[in-house]
*Asks:* 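Quick one: the structure is below, and I'll ask about it shortly.
The shown structure was predicted, so the numbers you read here are calculated from the model rather than taken from an experiment. Just so it is clear: chains get the letters A, B, ... in the order the sequence lines come, proteins before strands, and each one is counted from 1. Hydrogens, waters and symmetry mates are skipped; everything else that's a heavy atom, side chains included, is used.
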Amino acid sequence: MLLIDCPWCGPRDDSEFQYGGEAHKRRPPAPDQVSDAVWADYLFHNQNPKGLYLERWRHSAGCRRWFNIARDTVSHAVLEVYPADALPSNAAARAVYEQNWRRENEAAANAAAVAETTEIGA
Amino acid sequence: MSAINRGVRALKNSAKRYSLAALARNAFNGHNQWTEAWRNAKPREAYDVVIIGGGGHGLATAYYLASVHGIRNIAVLEKGWIGGGNTGRNTTIIRSNYLWDESAALYEHALKLWEGLSQDLNFNLMFSQRGVLTLAHSEHEMKEMSRRVNAIRLNGIDSEVLNPMEIKALVPIIDINPGLRYPVMGGFLQKRGGTARHDAVAWGYARAADDFGVDIIQNCAVTAIRREGDQVTGVETNQGFIKAAKIGCVASGHSGVLAAMAGLRLPIESRPLQALVSEPIKPVIDTVVMSNAVHMYISQSDKGELVLGAGTDAYNSYAQRGSLPIIEHMLEAAVELYPIVSRVRVLRTWGGIVDTCPDASPIISKTSIKGLYFNCGWGTGGFKATPGSGHVFADLIARDTPNAIAAPFALSRFESGHLIDEHGAAGVAH
Amino acid sequence: MADVTTQAFSPLDHLNLTVGGPSDAGVSLGERRFVGKLNLRVTPAKIPPAINDLLGGPLPAVGQVTFGGQVMTAWLGPDEYLILTEPGAESALQAALLEGFSGQHVAVTDQTDNATIIRLAGGDARWVLRKGIAIDLHPRSFAAGNCAQTMFERAQITLIQVDDAPSYELIVRNSFAPYLWSWLADASQDVGVRIVRL
Amino acid sequence: MSHQPYRLASGGHIDRDHEIEFTFNGRLYRGHPGDTLASALLANGVHFVGRGFKYHRPRGIFAAGAEEPNALIQLGHGPRTEPNLRATQVALYDGLTATSQNVWPSLRFDLASVNQWVSRFLPAGFYYKTFMWPASQWMRYEHVIRKAAGLGKAPTDRDPDRYEKMHDHVDVLIVGGGPAGLAAALAAAATGARVMVTEAKAGFGGHICFDGAQQIDGQPAAEWVTAAVAKLQAMPEVTVLPRTTVTGYYDHNYITALERVTDHLGNTPTHLVRQRFWKIRAKQVVLATGAIERPLVFADNDRPGIMLASAVREYVNSYGVLPGRETVIFTNNDDAYRTALALDDAHARITAIVDLRAEADAVAGDLVAAARDRGIKTYFNHAIIAVSGHRRVTGCSIMELAEDGTTVTGPVTSLVADCIAMSGGWSPSVHLFSQSRGTLSWDDEQACFIPDVAHEATVSVGASAGDFSLAGALKNGLKGGMEAARASGAKGRQPAAPKVDPVTEMPLRAIWQVPTNAGKGKQFVDFQNDVTAADIRLAAQEGYLSVEHTKRYTTTGMGTDQGRTSNVNALAILANARDAHIPDVGTTTFRPPLEPVAIGAFAGRAVGGQFEPVRSTPMDPWHHANGATFEHVGQWMRAWYYPRGSETMREAVDRECVAARTGVGILDASTLGKIDVKGPDAAEFLNRIYTNGWLKLAVGRARYGLMLGEDGMVKDDGVTVRLAEDHFHMTTTTGGTAAVLDWLEEWSQTEWPDLQVYFTSVTEQWAVASICGPKARDLLAELSDDIDLSDAALPFMGVSTGTVAGLPARVFRISFTGELSFEINVPSRHGLALWTALMAAGEKYDITPYGTESMHVLRAEKGFIIVGQETDGSVTPGDLGMDWIVASKKADFVGKRSLARTDSLRADRKQLVGLLSTDPEVVLPEGAQVVADLKPAPPMTMLGHVTSSYYSANCGRSIAMALIAGGRARLGETVHLPLSDGNLTAVVTEPQFFDPKGERLNG
């Protein structure tokens, strides 16, 4: 049982929380303007790293607030808990953010690139 | 459905073949004539096909590539020991009673291959068609069950509806008191479903593939997938570079990691799935029984252990361990439905890492990179599909085009929106 | 026309509970009926003085309860509070609060009938609670004046420690109240339980 | 005590003043309180207690604790019987009954023991090579195998005992109450930290209580233990838990432990639980779990009477029991000499000590010297090559070891023995450390795995860290306890270590498989699963080289003892077969639980009525009192229909449905989800969440809304009321309540934090009675004098506030039946009063309560969908024919983009249609699959399925809805519904069956 330090209520067992998957994922601001591929990216394609992951959790049995954490998916160590609208301050977590293809300032560039290269499937 | 091409039987003319004569011979000479089940191969420079992942699906893929398609220059790369991933960590249930046509075709294809697989491989997989019963616990579930049973039947798959009394006759330890919080209102049984010995599936396929010359390379971790332009050229491993024109990725639980190596994104999240066994007891339950509403399923192994499984944990993990509440809730449900198990003791719990897809259906697909194929996303239900998965994936790799069974499971469905939503089929909630 | 006051039922009324039990019981169990409950949503930085007057002081800090005369206010979240009043006083307070906030973006929602309050008190109360609650209830972590939202087995609750007896109040959605009550009564068997009328 | 022939005249921690009776395999014996079943059996001279799993060879008591592989027994009978208990862990109580298991017809004459004579056919993995011919026969073979497998028997009745959970949080958790653990506890507790110390056995002290005459700080060790425990128990922040086994070590120092509260009592007091399952979050953990002695792997080492040397010593010193009258000690280390000294102290005969080490390598040890001084005969550099005796060992043959220790040489010497005490060295109990994902390293000198790098905040001390000396355990225990307390935030000084006389011990000689020239005897490695050294070598020969493969192929280490005594020996023999170094072969991972735990203990109180809450509405007592039948809807139990007299469900529902359209019907709608939505941006928020427009809804008016997931699929629906410019009252489906609130919060907090809006659940604040039918207005008028019910004042989709039956109420004129209807919301405390008042006032209108079934029929007559019935997560609004509610002109709403994907635009999507059965009296089964082309037999191509189907008394015929591929284009077509018991036909229609123009809304 993970111990998650809710920024408001303090440390609680993971069973009190709802998992929200990848953090820093932004909905395309104008969904009508993006391709099916970009929309599929938004809907279905999450980071799934073996190692440090920036992810969203919600203290559903407590204060009901969403927040972000940086957690290692192998060791389960939690490096940082930070607000939903902030970036991590931990250096390793920050590096993970910087490498993320979905990171905000690269989202647009990526979107175009992905639309071109994702001719996958049969 | 047309007859399945099961390929050439392994070890047909081999001195290594298991037979009554071989058993007798060895019994009287101290078992000194049994040879290696498979060679512990070292990688050669190049292969026609490299399969990444030495679990049941990967080994089956290699076996069918060799036995059906005649491609023998194959390496199976396994980062640990073969069958050490989800093949060796599941609850061994086999069935094909799925809702959607696409799934029914795939899992029924697998089930037909299971029937006779021990003989194909000359290895007793202990495939036991003891029946799989799925329970309904509410009026709503009864309606869902009716939809499912009708669909299964019209897809030509066996399924029969049982009432509580018939369920009690089949599973005497079940409590059918209508006053239960989740009373047993009915269920449907697939008699051809059952269980198999999970480790044996990996070993049997490995031994048979080895007999066709496939190299099975253990402790061989892939560190990079190399390509030139949009064509794969081989893989970097901890045992050096291995050249290959075609690469099949069949690494359940780690598919996302492999995809990242190739610069691809998969709609997959890796989650822990937990299961447990009790201490061995004398037989109390012959049928496999699954229950959606209370999130648990149960069977009894040939050794006497009760085998229980639950749903996945809610968060991503590669740690092969899950949270305790999953186990607690599963066992609360076990006591509720099977009161006599309260004093039976849990022997061992464990977790596996499963690839979960948004629609709870697998991915069997080409990719945007030529020669790179993915077979993943089986979620909680991969074991039952092992032969079918290997069979259609081998076909895809050999012909570079999916057959009718594999086609609906291509990656393109996530763009088009043509999902195959089988969340209701898992037996437990994801 | 029906008589409103006599036709009010708590979800626990249907358990047909009998008051009484051993005098040396380790815990007592009772219901605080129809206590007024207002859910307040507001950004705590913008509290007009009038509100402090109504609540008998500033809004509680994280994990705290404040007691202001007839009103008790519990912290629920960064912008959420639960205000408990004497039975029947909730409507007037709701109106006064809305007036006090005068046009600010707030929500004051009457939840008086949404939830039931069960009080568990006595020397063994902590022992009994620990059977169903995972958070740390040791006085070093959770003492009189503390509150928390958490799970009691299958039921989501708001837990308030009222005094050092210790006495606890468990606020639970109505439809979960019979479950929670039965659970507590059952879990108290080893220390003995007395049912009280509050 | 003449009744107990092997009981010593003195010694042990048993209560000699009381004698109690127990039966084993039907025979009456006597023992004492404080005995285990094993010690009591041994006191009565009973060694032979069970049979091996595979070969059914006789097996005896082997150990004295949790590591026991052989003496598994079935305890008790009836509903309290329990299989597979280790006799070494079962506390003796008066009237205890136990039997051997997996033997038939009896322990002495077990038919399956023929397996030992055909064992040459049953090597490791033989199952995989056989039973394949003929192919069809496997299930028959398997049936026999299943009957032979298994150990004990499960009870056949419900468990009469109860279990509970207990949560705790501590600064320092100390696992193990031996010398290291107690020292750690004393040090940590002195700082004022919150400390818990657990001990699996009833008594504390671990091995120092039976090792013999040792002194700590000048007092006998046992007295030091008693004083330490008393001191700890007196400290308010210390929890001391005997009979408590730590079973699981999970992430972030989350620990589970099983306390056996009443198992040692013969009669369970009814107010107590049988077992308590602790869930502990510890800041720091000190593991002081001791070590387990290894057996030696020699020929026929499984005969009853062959035991671990430390166990023999424990029986003598802790229980005053002599396991044998003539003991041979077989060892590779010094510790077994303690057993020799203990036996000698008890005046028992020691035939000889057989030591695998050369005299020169052993003689400098204090214990070896002591044995020599007492004149105990010792054969150095010797090995046991064979044993005699079948159901009980009678003696053994020994030979000298050749130079390299791999063969034997010289003459054979025969020794008489009814007990062989063996010691192959010690393995630290690293199971919990391994569970916590700590890594292990191999200690070559002590030939064992020891903790290496910890993954959690944990420290190992004492024997579990490979520190086998008492002085070391005390010293490092104190240090570990102190450091753990400090790491948890406590402050204090470390107490001085107690004084202990040092004992010089010489290294062991690791001979993992004892050589023999006899050739025949089986050399057991895993006693419980009957795995021999030859099996492990065969696995390696067949290429099962990974330790996990070897384990799974041979089943070594997979018994109920999880290989406590076998793992290291198996690993070493595998390493030898592979010509590899032991640590390179690896070790297996340990999984929770450490020891088997009853399923009931995991379930705790969540059984029976406390398994899962049953939610019911404020009106529920009325439904029960008036004969309603109930339906499960998620956690709710809702009134389904109200049969009168001998009515069938169909008759009741027909009557209810007709009444709702001709008179007045009343439905308990309290379970609908209700969310208070408040804030200046509330309308904008709803506009983004729902598919339709919300900005222009007038205050005091209601609107139906449809919610999609981002995938474009229908998620929920409901009517939402605008109470004020910035204030809405949203309703959701019963099942979707929690999910919708979460959904709103998520969008609000993470995607649109700029929108000012709050959401508060008021689902249970309001009880809701919905009345409908032409008389509904008349009825309501009887009970309300302050609400204007006229069409003008309260039109369809209008809202009013006032009193109903004197109760404060909100009245919504909304309809799910197509009739004139009112939803009356009152504070839930008044729900029952409202209902009762409506029933009383409605008597003259022949008011008819109707349940969820009639609700479904009435809405189906109108073609209204139910989310979860007409939808399944793959249905868009267009599929439902509900394009009218999708405001495609809105720039965006949740799910809009997905409606433009290629698959969402397919013409052959499954679409909602009506189906009219060819025979109007036949109700099509819900879930029936629809086909266009009927074939004589499956497979057939399916078009879709029947989502809802009822007999409609109002229509005078059956009606149904279905999702059918390209359904809108099939109106008028006849389709087939092939069922297992025959085929039905139906015509595709519009999915509205009653009052298609909606003329009845105004009554």
*Asks:* Is A:Leu43 close to chain D through its backbone or its side chain, or both, or neither, when contacts mean heavy atoms under 4.5 Å?
*Replies:* side chain
*Asks:* Please rank D:Arg901, D:His455, D:Arg437 by heavy-atom pairs under 4.5 Å with chain A and give me the top one.
*Replies:* D:Arg437
*Asks:* I'd like to know which of D:Asn253, D:Leu741, D:Asp742, D:Asp711 tops the heavy-atom pair count under 4.5 Å against chain A.
*Replies:* D:Asp742
*Asks:* Using modelled atom types and a 3.5 Å cut-off, is there a donor and acceptor pairing between side-chain atoms of D:Thr439 and backbone atoms of D:Ala454?
*Replies:* no
*Asks:* Based on non-hydrogen pairs under 4.5 Å, which of D:Gly709, D:Ala900, D:Ser898, D:Pro753 is most in contact with chain A?
*Replies:* D:Ser898
*Asks:* Using non-hydrogen atoms only, which part of D:Ala891 is less than 4.5 Å away from chain A: side chain, backbone, both, or neither?
*Replies:* backbone
*Asks:* Do you know which of A:Asp32, A:Asp14, A:Val78 has the most heavy-atom pairs under 4.5 Å to chain D?
*Replies:* A:Asp32
*Asks:* In terms of heavy-atom proximity below 4.5 Å to chain D, should A:Ala40 be classed as side chain, backbone, both, or neither?
*Replies:* neither
*Asks:* For A:Arg56, which atoms come within 4.5 Å of any heavy atom of chain D: side chain, backbone, both, or neither?
*Replies:* side chain
*Asks:* Which region of A:Ser60, side chain (C-beta onward) or backbone (N, CA, C, O), has a non-hydrogen atom less than 4.5 Å from a non-hydrogen atom of chain D, or is it both or neither?
*Replies:* neither
*Asks:* Going by side chain to side chain donor-acceptor pair (under 3.5 Å), name the residues that satisfy it together with D:Glu710, two or more places apart in sequence or in a different chain.
*Replies:* A:Arg27, A:Tyr42
*Asks:* What part of D:Lys279 lies closer than 4.5 angstrom to a heavy atom of chain A: side chain, backbone, both or neither?
*Replies:* neither
*Asks:* Is it the side chain or the backbone of A:Asp85 that comes within 4.5 Å of chain D heavy atoms, both, or neither?
*Replies:* neither
*Asks:* So for D:Tyr249, is it side chain, backbone, both, or neither that comes closer than 4.5 Å to the heavy atoms of chain A?
*Replies:* neither
*Asks:* Heavy-atom distance under 4.5 Å to chain D: side chain of A:Trp39, backbone, both or neither?
*Replies:* side chain
